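Everything on this sheet refers to the single structure shown next.
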Amino acid sequence: MSDEGELDLRSLNDEELTQQVHDDLYDGLKEEVEEAVHILLERGWTPYKVLTEALVEGMRIVGIDFRDGILFVPEVLLAANSMKAGMAILRPLLAETGAPRLGKMVIGTVKGDIHDIGKNLVAMMMEGAGFEVINIGINNPVEKYLDAIAEHQPDILGMSALLTTTMPYMKVVIDTLKEKGMRDDYIVLVGGAPLNEEFAKAVGADAYCRDAAVAVETAKDFMKRKHNLLAASA
Ligand code: B1M
């Protein structure tokens, strides 16, 4: 503790500091979360380790207490803002790979849904892996996806949904692509906590991605297949 009674984050060892990030995220203490992220990076942690062990794990704990009625929307919003502040520090570091562009992805959260932390995390990790990502934000009706696809001509369309009430909207988007004869022009990847593989299959997506790391691997895999197909037909 300092003279003012404030906790000196630098005096904590890595384990204590990680625990403190979880607590500060829980309490929505944005500046403390930002400071801790900087300290962990200074100590040589990779951006990915900070992201997963400090931030994502902290948000998982918030999620449990939200589910159990211990935390409510205003508190969770503060936690989410703190998480986003931490992610903002990591984003340029994760994107700094210098890897050649592997492909292009448009990603957005579906209509009726304003959850964006997981989707932004996927976008960050995809950028870090060498994809160009056009993040179209939250609450996207089918028209927004179509506009973004027309404008950016991506290889991959990514959709996120965190609510059981909004996840069926993915089918609306995919069915519209089918109606327009465009479905096979894109790799469609879906994700979000309430989804699973069966759901992805049922709505006609190419794959369900459990988390951001799986999204990256799945995207790479599909891009490889796409290039092989193009090479075979050339
Ligand atoms: Co919301 N919320 N929320 N919420 N919220 C959940 C989702 C909930 C499970 C909490 C609970 O009750 N246990 C519950 C949904 C229940 C259900 O439908 N079965 C819920 C509810 C009910 C609600 C409201 C209805 C609450 C209310 O108003 N009464 C409301 C709805 C608003 C709306 O969207 N219309 C609401 C509001 C909010 C906040 C605004 C307060 C805030 C969102 C802030 C923000 O995102 N900017 C919020 C939050 C933060 C959550 C929890 C606590 C955390 C979500 C999160 O950010 N997780 C969440 C509880 C939970 O999920 N356990 C909850 C961290 C993130 C890293 O994980 O998003 O799963 P996740 O993303 C992962 C994977 O899923 C995957 O990769 C990501 C990274 O690894 N992934 C993809 C996600 N998208 C992908 C897309 C891809 C690929 C992978 O594309 C290729």
Side-chain angles (χ1 to χ4, degrees), residues 22 25-26 28 30 48 50-88 90-91 94 103-129 131 133-141 145 148 154-170 173-174 186-197 199-200 203 205-223:
H22 300 165
L25 204 66
Y26 192 98
K30 179 170 163 250
Y48 184 70
V50 179
L51 184 66
T52 50
E53 294 185 22
L55 298 180
V56 174
E57 175 58 14
M59 209 58 206
R60 192 186 66 80
I61 299 164
V62 169
I64 293 170
D65 279 5
F66 189 29
R67 180 196 63 205
D68 295 345
I70 298 164
L71 287 178
F72 296 95
V73 170
E75 290 116 319
V76 177
L77 262 179
L78 285 177
N81 284 341
S82 307
M83 169 98 182
K84 284 186 176 184
M87 282 165 61
L90 300 176
R91 184 177 177 212
L94 284 165
K104 204 191 265 189
M105 177 192 226
V106 162
I107 187 167
T109 304
V110 297
K111 184 177 168 184
D113 201 321
I114 62 167
H115 294 85
D116 66 354
I117 294 174
K119 181 255 306 161
N120 291 347
L121 221 148
V122 172
M124 268 169 55
M125 297 277 295
M126 291 287 293
E127 280 176 347
F131 285 84
V133 178
I134 296 102
N135 186 339
I136 61 170
I138 53 171
N139 193 22
N140 284 292
Y145 286 106
D155 305 287
I156 303 169
L157 171 63
M159 288 189 278
S160 178
L162 264 286
L163 300 171
T164 44
T165 50
T166 57
M167 57 193 241
Y169 196 78
M170 291 176 169
V173 178
I174 294 171
Y186 307 99
I187 299 159
V188 179
L189 304 182
V190 294
L195 278 63
N196 57 31
E197 270 166 36
F199 172 83
V203 296
D206 288 302
Y208 157 70
C209 308
R210 189 184 61 243
D211 59 30
V214 170
V216 167
E217 287 317 308
T218 310
K220 281 184 181 169
D221 219 45
F222 274 94
M223 286 307 295

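Predicted, not measured: the structure shown is a model, and the values here were computed from it. In each ligand, atom 1 is the first atom listed, and ligand 1 is the first ligand listed.
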Output a table of donor-acceptor pairs, distance under 3.5 Å, between side-chain atoms of residues 76-84 and any protein atom two or more places apart or on a different chain; print 'none' if there are none.
{"from": "S82", "atom 1": "OG", "to": "G28", "atom 2": "O", "distance (Å)": "3.4"}
{"from": "S82", "atom 1": "OG", "to": "K30", "atom 2": "N", "distance (Å)": "3.4"}
{"from": "S82", "atom 1": "OG", "to": "L78", "atom 2": "O", "distance (Å)": "2.9"}
{"from": "K84", "atom 1": "NZ", "to": "D116", "atom 2": "OD1", "distance (Å)": "3.1"}
{"from": "K84", "atom 1": "NZ", "to": "D116", "atom 2": "OD2", "distance (Å)": "2.9"}

Less than 4.5 Å apart, any side-chain heavy atom of [X] and any of [Y]?
{"X": "L189", "Y": "Y208", "value": "no"}
{"X": "V133", "Y": "V122", "value": "no"}
{"X": "V62", "Y": "I64", "value": "no"}
{"X": "V188", "Y": "M159", "value": "yes"}

Protein contact of [atom] - nearest heavy atom, named by residue and atom, plus distance:
{"atom": "atom 63 (N) of ligand 1", "result": "G63 CA, 4.1 Å"}
{"atom": "atom 71 (P) of ligand 1", "result": "G118 CA, 4.0 Å"}
{"atom": "atom 84 (N) of ligand 1", "result": "S160 OG, 2.7 Å"}
{"atom": "atom 18 (O) of ligand 1", "result": "T164 N, 2.9 Å"}
{"atom": "atom 79 (C) of ligand 1", "result": "A212 N, 3.7 Å"}
{"atom": "atom 74 (C) of ligand 1", "result": "R210 O, 3.4 Å"}
{"atom": "atom 57 (O) of ligand 1", "result": "I117 CB, 3.3 Å"}
{"atom": "atom 12 (O) of ligand 1", "result": "R67 CA, 3.9 Å"}

Would you call [X] a ligand 1 contact, heavy-atom distance under 4.0 Å?
{"X": "M125", "result": "no"}
{"X": "K84", "result": "yes"}
{"X": "D116", "result": "yes"}

Inset, instruction - Might you confirm whether atom OH of Y48 has over 12 heavy atoms from other residues, nucleotides or ligands at distances under 6.0 Å? - result: no
Is_contact([atom]), protein non-hydrogen, under 4.0 Å:
{"atom": "atom 33 (C) of ligand 1", "answer": "yes"}
{"atom": "atom 8 (C) of ligand 1", "answer": "no"}
{"atom": "atom 51 (C) of ligand 1", "answer": "yes"}

Under 4.0 Å from a heavy atom of [X]: give me the atoms of ligand 1 that qualify, with their elements.
{"X": "L189", "value": "90 (O), 91 (C)"}
{"X": "D113", "value": "34 (O)"}
{"X": "D211", "value": "76 (C), 77 (O), 80 (O)"}
{"X": "A80", "value": "44 (C)"}
{"X": "I107", "value": "90 (O)"}

Legend entry - Per atom 75 (O) of ligand 1, closest listed option by heavy atom (A200, A219, A193): A193
Inset, instruction - Kindly identify the option in A79, G192, A213, A123 whose heavy atom sits closest to atom 81 (N) of ligand 1. - result: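 Among A79, G192, A213, A123, the closest heavy atom to atom 81 (N) of ligand 1 belongs to G192.
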Quick check: does any side chain N or O of [X] sit under 3.5 Å from a backbone N or O of [Y], one acting as donor and the other as acceptor?
{"X": "Y145", "Y": "G158", "answer": "no"}
{"X": "N135", "Y": "G137", "answer": "yes"}
{"X": "H115", "Y": "I138", "answer": "no"}

Let me confirm one number: the [atom1]-[atom2] distance from [X] to [Y], rounded to the nearest 0.5 Å.
{"X": "T109", "Y": "I114", "atom1": "OG1", "atom2": "CD1", "value": "9.5 Å"}
{"X": "E75", "Y": "I70", "atom1": "CD", "atom2": "CD1", "value": "11.0 Å"}
{"X": "M87", "Y": "M59", "atom1": "CE", "atom2": "CE", "value": "10.0 Å"}
{"X": "K119", "Y": "M124", "atom1": "NZ", "atom2": "CE", "value": "12.0 Å"}
{"X": "L94", "Y": "M126", "atom1": "CG", "atom2": "CE", "value": "13.5 Å"}
{"X": "D155", "Y": "Y186", "atom1": "CG", "atom2": "OH", "value": "9.5 Å"}

Legend entry - Between D113 and N139: side-chain donor-acceptor atoms closer than 3.5 Å: no
Should [X] be counted as touching ligand 1, given the test is an N or O pair under 3.5 Å?
{"X": "V122", "answer": "no"}
{"X": "I114", "answer": "yes"}
{"X": "M59", "answer": "no"}
{"X": "T165", "answer": "no"}

Inset, instruction - Would you mind telling me if ligand 1 is within reach of the side chain of C209, the backbone, both or neither, using heavy atoms under 4.0 Å? - result: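 Answer for C209: both.
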Legend entry - Proximity to ligand 1 by part of L121, non-hydrogen separation under 4.0 Å: side chain
Inset, instruction - Using 2.8 Å as the cut-off, count the protein N, O or S atoms closer than that to atom 1 (Co) of ligand 1. - result: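 Considering protein N, O and S only, atom 1 (Co) of ligand 1 has 1 within range.
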Legend entry - Shortest non-hydrogen contact from C209 toward V214: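 Result for this residue pair: CA-CG1, 4.0 Å.
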Legend entry - Intermediate values then yes/no, side-chain hydrogen bond (donor to acceptor under 3.5 Å, both in side chains), N140 and Y169: CA-CA 10 Å; N140 284 292; Y169 196 78; over 6 Å; no
Legend entry - Salt-bridge criterion met for R91 and E127 (N-O under 4.0 Å):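 A salt bridge is present here (some side-chain N lies under 4.0 Å from a carboxylate O).
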